[in-house]
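Worksheet for the structure shown next.
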Protein chains: 2
Amino acid sequence: MANIHDVARVAGVSISTVSYALSGKRPIGEKTRLRIDEAVRELDYMPNAAGRMLAGTRTRIFALTAPLRSDTYAPAHMAFVLAVVTAARAFDYDVLLLTEDEAVDGLRRVSSSRLVDGIIVLDVSVEDERADLVRSLGVPAALIGVPGDAAGLVCVDLDFEAAAALAVDRLVDAGHASVALLGHPSAVYERGSNFPVRFRDGFLARAAERGVAASFSMVEKDAPEIRQAVSAILDAHPAVTGLVVHAEEGVHTTILEAVAGRGLSIPADLSVIAGVPTFDTSSFTPPLDVIPLIPADSCVRAVELAVQQLEGPIEPRVELVAPKYRDHGSVAAPRPGG
Amino acid sequence: MANIHDVARVAGVSISTVSYALSGKRPIGEKTRLRIDEAVRELDYMPNAAGRMLAGTRTRIFALTAPLRSDTYAPAHMAFVLAVVTAARAFDYDVLLLTEDEAVDGLRRVSSSRLVDGIIVLDVSVEDERADLVRSLGVPAALIGVPGDAAGLVCVDLDFEAAAALAVDRLVDAGHASVALLGHPSAVYERGSNFPVRFRDGFLARAAERGVAASFSMVEKDAPEIRQAVSAILDAHPAVTGLVVHAEEGVHTTILEAVAGRGLSIPADLSVIAGVPTFDTSSFTPPLDVIPLIPADSCVRAVELAVQQLEGPIEPRVELVAPKYRDHGSVAAPRPGG
DNA sequence: CTGAAAGCGCTTACAG
DNA sequence: CTGAAAGCGCTTACAG
């Protein structure tokens, strides 16, 4: 395996010139550059990563701490991991994957040994020991999600309150005067991430602002309970003509079946918006308008912020990514009669 | 951040003694070791990864190439990634994650730059460009799964033929004389991985060996088609009393509903075994006997084989992991009447 | 049982 | 525009 000395010899220059030619950190004479390029090609030279890390100030590796617990929703989790890796590669960074069992020890190890230049934290929970650790490590880091105590941290997340508000606005703007939110099972609001709470609060707050009636129900995952919840809310609030669903994929389909089962058609009788899913709602029956949670949006920004910190500390912050609305035809004006 | 010279100075020894004390590669005097341990603790010393990589012969990093495509079954994929990372950590190896878009270029980059000591390949397809690449790279590598051309490669996979044969044996041993396999959609058998084919062939071959009637149907994913397939096979082969299912999670539940819908009870009327799922079948209604695909089994072995290759090339091979049977009560003797 | 020293392959001031 | 050289932080023969 050729090294920089081989390239320098073949090109008839010094190793520093080879180094500068490859890094572009100083101007190189036209013909010198050509001879070096030629030598690099001839020897199939690729700089040694360890030499680079040791001499330089960067390892060009980020640690990604992603639990990969089996109780996380795998498709979304996978999409986020993929988005982080893709975003990191755009900055020429590789990603070292640290999982649940080694969350804290692993982060400590790879940052103390200077194996990584920074840390990206995924699947952040309210009480996340990784948040405290990152704070104490003082290493470049960005969290995707917001822990209970975000002081001193750089966090990026979808603006869930704005997303819920956007859903309300769409319904109200279409003429609906009574809206309902079908949410996750109650356990989700009690522990784990705080975004369901933020979505719910954003929903209720905006509905109040807009002066429309609003109700909120938590829905368990079993089909009978889902049907029950749909009936309950439509029976208890007959005026409801706009529905926002913040739940898992399977729950959506069951809700849609239940709605159809009551003889209601979407959007003629009921307008429906899916809130912040990571899955596709355009192939549902009927396709649903959606305010998606887009992994790339948060991940790209988180990686950018981590990269910025390589130059030095930046202001701690919670950066909220603006929600986007995608129309699939499931929202319309309510029937004149109500 | 303390380095090895700091530790040596505080402990009053040379840096080589510190290095040997930490690596355990040569015996160190009792009190010398104590002084070094003390200094390490006092300075919170952790060896610099880049220095280690450059001076040593190992980076202690494996590349894991896992596509993370959105069309792969995420829960299983995540379980495999997790199992690889966990297995690698047991050998004190970290894992660098390379995804789809960079499969070939990324592997070339990290191996040419000596960033990694070896490669673990996940989600291997029949025509997998990564297989050819790994062959040409000549770097320690282990594939989890078997490509069309496995020549020169080290592969590990579940023994799918043996798994299917085990299912047949269980049914035949219980007294069943006519068995059926409900498999994946036809597209799965035509492209992608080859394990569905291996499972099917193992099923048919063992049934022939045991002298029992066997049929095989491919089942699409939509509920109506699933119900249709169940009816078709039970109508066409009324003697069938033993069923093996090799399909996705949702398909299983729909099949069970369809079976119940026909008034058949499991296992009294029909014995059912789930073939090589990565999901839990013990919470199905009823719980199903299962021959699971256990990510850890293949992943641990693949990592072991990669580690072995650090000492030098080993014999190329396709190592098949023996299947295991888990009884949940869904297999019984057929009714005396047939 | 321990140490002095070479060397791994780069980057980057320093010098011209 | 280019080069000689120091140095990053380790490991490991070599020597005693």
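Note on naming: letters A, B, ... go to the chains in the order of the sequence lines (proteins, then strands), and numbering restarts at 1 for each one. This one's a predicted model, so the numbers in the text were calculated from it and none came from an experiment.
- To the nearest angstrom, C1' of C:dT11 lies 13 Å from CZ of A:R60.
- Annotation: salt bridge (charged side-chain N to carboxylate O under 4.0 Å, His left out) contacts involving residues 28-40 of chain B, sequence neighbours excluded, comprise B:E38-B:R41.
- Atom-to-atom, CD of B:E30 to C1' of C:dT2 comes out at 16 Å; the value is rounded to the nearest Å.
- Remark on DNA chain C: of its neighbouring residues B:L54 and B:K31, the 5'-side contact belongs to B:K31, judged by nearest-heavy-atom nucleotide.
- Residues meeting the salt bridge (Lys or Arg N to Asp or Glu O under 4.0 Å) test with B:E102, sequence neighbours left out: A:R89, B:R109.
- Under the rule for a salt bridge (Lys or Arg N to Asp or Glu O under 4.0 Å), B:R108 has no partner lying at least two apart in sequence or in another chain.
- Summarising the geometry, the separation between CG on A:D6 and P on C:dG9 is reported as 9 Å, rounded to the nearest angstrom.
- With a 3.5 Å limit on both pairing distances and Watson-Crick or G-U wobble geometry required, the stems of 3 or more pairs in DNA chain C span C:1-3 with D:14-16, C:5-12 with D:5-12, C:14-16 with D:1-3.
- Regarding B:H5, its NE2 atom lies at a distance of 11 Å from the P atom of C:dA4, rounded to whole Å.
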Would you tabulate the nitrogen or oxygen pairs shorter than 3.5 Å linking the protein to nucleotides 12-16 of chain D?
residue: D:dT12; atom: OP1; partner: B:K25; partner atom: NZ; Å: 3.4
residue: D:dT12; atom: OP2; partner: B:K25; partner atom: NZ; Å: 2.9
residue: D:dA13; atom: N7; partner: B:Y20; partner atom: OH; Å: 3.2
residue: D:dA13; atom: N6; partner: B:Y20; partner atom: OH; Å: 3.3

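- By the salt bridge (Lys or Arg N to Asp or Glu O under 4.0 Å) test, B:D101 pairs with no residue at all, sequence neighbours left out.
- A heavy-atom distance below 4.0 Å to DNA chain C is reached by none of the residues of residues 33-52 of chain B.
- The distance between atom CD1 of A:I4 and atom C1' of D:dA4, rounded to the nearest whole Å, is 14 Å.
- C:dG9 atom P lies 15 Å from atom CG of B:L115, rounded to whole Å.
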Show every donor-acceptor pair shorter than 3.5 Å between a side-chain atom in residues 73-87 of chain B and any protein atom, with sequence neighbours excluded, or say none if there are none.
residue: B:Y73; atom: OH; partner: B:E249; partner atom: OE1; Å: 3.1
residue: B:H77; atom: NE2; partner: B:L68; partner atom: N; Å: 3.4
residue: B:T86; atom: OG1; partner: B:L82; partner atom: O; Å: 2.8

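- Separating the CE atom of B:M53 from the P atom of D:dC10 is a distance of 12 Å, rounded to the nearest angstrom.
- Residue pairs meeting the side chain to side chain donor-acceptor pair (under 3.5 Å) criterion with at least one partner in residues 148-160 of chain B, sequence neighbours excluded, are B:D157-B:R198.
- Taking the salt bridge (Lys or Arg N to Asp or Glu O under 4.0 Å) definition, one finds that B:K324 meets it with B:D297, sequence neighbours left out.
- For A:A21, the side-chain contact (heavy atoms from CB on, under 4.5 Å) criterion is met by A:I28, A:I36, not counting sequence neighbours.
- The salt bridge (charged side-chain N to carboxylate O under 4.0 Å, His left out) contacts involving residues 43-67 of chain A comprise A:R60-A:D92, where partners must be two or more places apart or lie in separate chains.
- Residues B:L98 and B:A63 approach most closely at CD2-CB, 4.0 Å, considering heavy atoms.
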